[in-house]
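Taking it in order: structure first as structure tokens, then the write-up.
Predicted model, so just to flag it, every value in this text is computed and none were measured.
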2 protein chains.
Amino acid sequence: MEVSDAYIRVDIKVSVDNIFWYARPVGGAEKSYHHGNLREALLETAFGLVDSEGVEAISMRALAREAGVSSAAPFRHFADKQVLLDAVAEKAAAEFERKLDEATAQCSDALTQFRAMSVAYVRFAAEHPALFDLIHSTESISARFLGEVKDERRLKLIALIIEGQNAGLIPEVDPELIALASEALTHGLARMIVDRHPRLRSLSSEEARQLALAATHLLQTGIGLS
Amino acid sequence: MEVSDAYIRVDIKVSVDNIFWYARPVGGAEKSYHHGNLREALLETAFGLVDSEGVEAISMRALAREAGVSSAAPFRHFADKQVLLDAVAEKAAAEFERKLDEATAQCSDALTQFRAMSVAYVRFAAEHPALFDLIHSTESISARFLGEVKDERRLKLIALIIEGQNAGLIPEVDPELIALASEALTHGLARMIVDRHPRLRSLSSEEARQLALAATHLLQTGIGLS
DNA sequence: CGTCGAATGTGAGCGTTGATAACATTGCCG
DNA sequence: CGGCAATGTTATCAACGCTCACATTCGACG
């Protein structure tokens with residue numbers, strides 16, 4: 001051909017947005033129009049993604065892609081992105097609560113329960129900073145569940161303190177105040193780890209444990225005279 | 001005309017993105033091609049916007065619009081959005097630091113300085129939650145300044161504690177540990193306010209003051225025996 | 001068993017955003 | 001004054017959240 005030296009340049013623009021079927025499993029007789037369990041699948045991968053990459057890493061479209069589904073599908077299950085995040089936060093809070101309960105379950109007296117709770121609290125923050133952050137920064141109305149959970153834990157803590165006071169282990173100061181102070185200490189420690197405080201970046205969970213123990217101990221004994 | 005009953009529907013799509021000159025002042029002989037002080041203008045409005053609306057509220061394009069400038073102009077001064085946010089965080093941190101210094105300046109002994117610092121810390125969080133959050137969540141490399149500031153403050157706190165120990169006001173426990181615990185308590189209180197803890201949502205700054213005082217007092221006296 | 005509505009998924013597209021590249025204008029330094 | 005660096009503009013991308021009209025499927029009810 002005599003035109004072999006001439007080139008016609010063609011730019012082809014392809015929207016890659018909806019090439020979703022590649023994400024479907026290639027092996028079996030899949031490709032059912034309905035996913036079957038999309039809501040849970042989205043929640044699951046979102047949870048994992050937040051835990052490993054942080055909240056910023058999640059996008060509705062990426063989740064859809066991952067699930068092998070069109071980018072509009074997720075909106076059938078979550079009204080908007082915030083609702084999805086709320087659901088992830090709820091899941092994370094449940095997990096958090098589970099660990100706290102697990103930690104205090106084997107303790108007998110109020111004081112060791114008290115300490116075990118602090119340790120578990122700080123450890124969770126150290127091990128799952130993004131989830132911890134999500135739990136405490138989410139403040140949507142629909143996530144009222146979170147508020148209830150936190151409040152419930154607060155009441156439990158107060159009960160623990162009163163128990164300690166009855167046993168003569170804790171002085172007769174306003175239990176609410178004591179609860180607040182110890183919550184603040186624990187939450188502050190956890191937050192400093194998550195916020196990457198210069199002194200505390202990337203702690204092992206064992207170090208986190210030591211730290212929580214030392215700090216709560218210090219709170220108990222006090223650091224000086226008023 | 002005989003076509004008076006016939007309608008031709010025309011949909012006109014207009015990109016409104018680059019209609020920027022409306023934002024320029026209409027009065028004077030402005031309209032200089034160069035803004036003259038764009039970097040500072042952007043920083044200023046970003047700072048205000050974060051403080052009043054939160055970090056999520058800021059977008060490069062909105063800032064450009066506000067400054068009366070094309071949407072690409074900001075990138076001449078900030079490599080990307082994160083750099084801009086880092087700069088805002090730095091500004092906020094400077095302001096924060098200023099307030100802390102101001103609060104401790106008038107105190108004589110170590111213990112009252114110690115308390116005044118806690119109070120100022122918590123008050124700033126209560127009054128500027130979004131700025132507080134930005135300061136502590138930013139962790140970019142370029143924002144190393146933040147780390148230095150925080151570290152400097154930590155050293156100052158430790159010095160304060162040692163001073164207190166020398167005066168016999170604080171027991172001879174590892175000063176680092178004491179610093180950490182008191183930092184955690186204060187930071188935790190501040191964070192609980194910012195994170196809208198059920199017990200502490202929307203505190204007045206006077207309430208914040210009371211709270212910080214009570215909590216630090218409790219830390220000093222301790223809440224029980226080890 | 002068939003049918004019909006509700007639940008769920010698809011495709012296309014709107015408007016916004018962060019970011020980049022090529023080009024225009026200006027200030028300033030020699 | 002001339003030229004170069006700083007600064008601003010225009011046009012354009014890709015990605016995102018979200019919506020709408022339409023398609024497919026499931027399941028309850030006759």
task: Please state whether the phosphate of C:dA7, meaning OP1 or OP2, lies under 4.0 angstrom from any side-chain nitrogen or oxygen of A:His77.
output: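 No, no such contact exists.
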
Phosphate OP1/OP2 of D:dC16 contacted by A:Arg65 side-chain N/O (<4.0 Å) |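 For D:dC16, OP1 or OP2 has a side-chain N or O of A:Arg65 closer than 4.0 Å.
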
Provide, to the nearest angstrom, the distance between the [atom1] atom belonging to [X] and the [atom2] atom belonging to [N].
| X | N | atom1 | atom2 | result |
| --- | --- | --- | --- | --- |
| A:Asp80 | D:dC20 | CG | P | 14 Å |
| A:Leu42 | C:dT8 | CG | C1' | 12 Å |
| B:Met60 | C:dT17 | CE | P | 12 Å |
| A:Arg61 | C:dC14 | CZ | C1' | 11 Å |
| A:Glu56 | D:dG17 | CD | P | 12 Å |
| A:Arg39 | C:dA7 | CZ | P | 15 Å |
| B:Leu85 | C:dG18 | CG | P | 10 Å |
| A:Leu38 | D:dT25 | CG | P | 16 Å |

Check: Out of D:dT19, C:dT10, D:dA11, which has the shortest distance to the side chain of A:Phe75?
Finding: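 Output: D:dT19.
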
Of the listed nucleotides C:dA19, C:dT10, D:dG17, the one nearest the side chain of B:Lys81 =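 Between C:dA19, C:dT10, D:dG17, the one nearest the side chain of B:Lys81 would be C:dA19.
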
- Query: More 5' along DNA chain D: A:Arg76 or A:Ser59, using each one's nearest nucleotide?
  - Reply: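 Looking at the nearest nucleotide for each, A:Ser59 comes out on the 5' side.
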
Would [X] and [Y] pass as an ion pair if we require N to O under 4.0 Å?
| X | Y | result |
| --- | --- | --- |
| B:Glu176 | B:Arg154 | yes |
| B:Arg153 | B:Asp101 | no |
| B:Arg199 | A:Asp151 | no |

- Taking it one step at a time, do B:Glu102 and B:Arg98 satisfy salt bridge (charged side-chain N to carboxylate O under 4.0 Å, His left out)? CA-CA 6 Å; B:Glu102 190 180 297; B:Arg98 205 183 58 72; 3.1 Å; yes

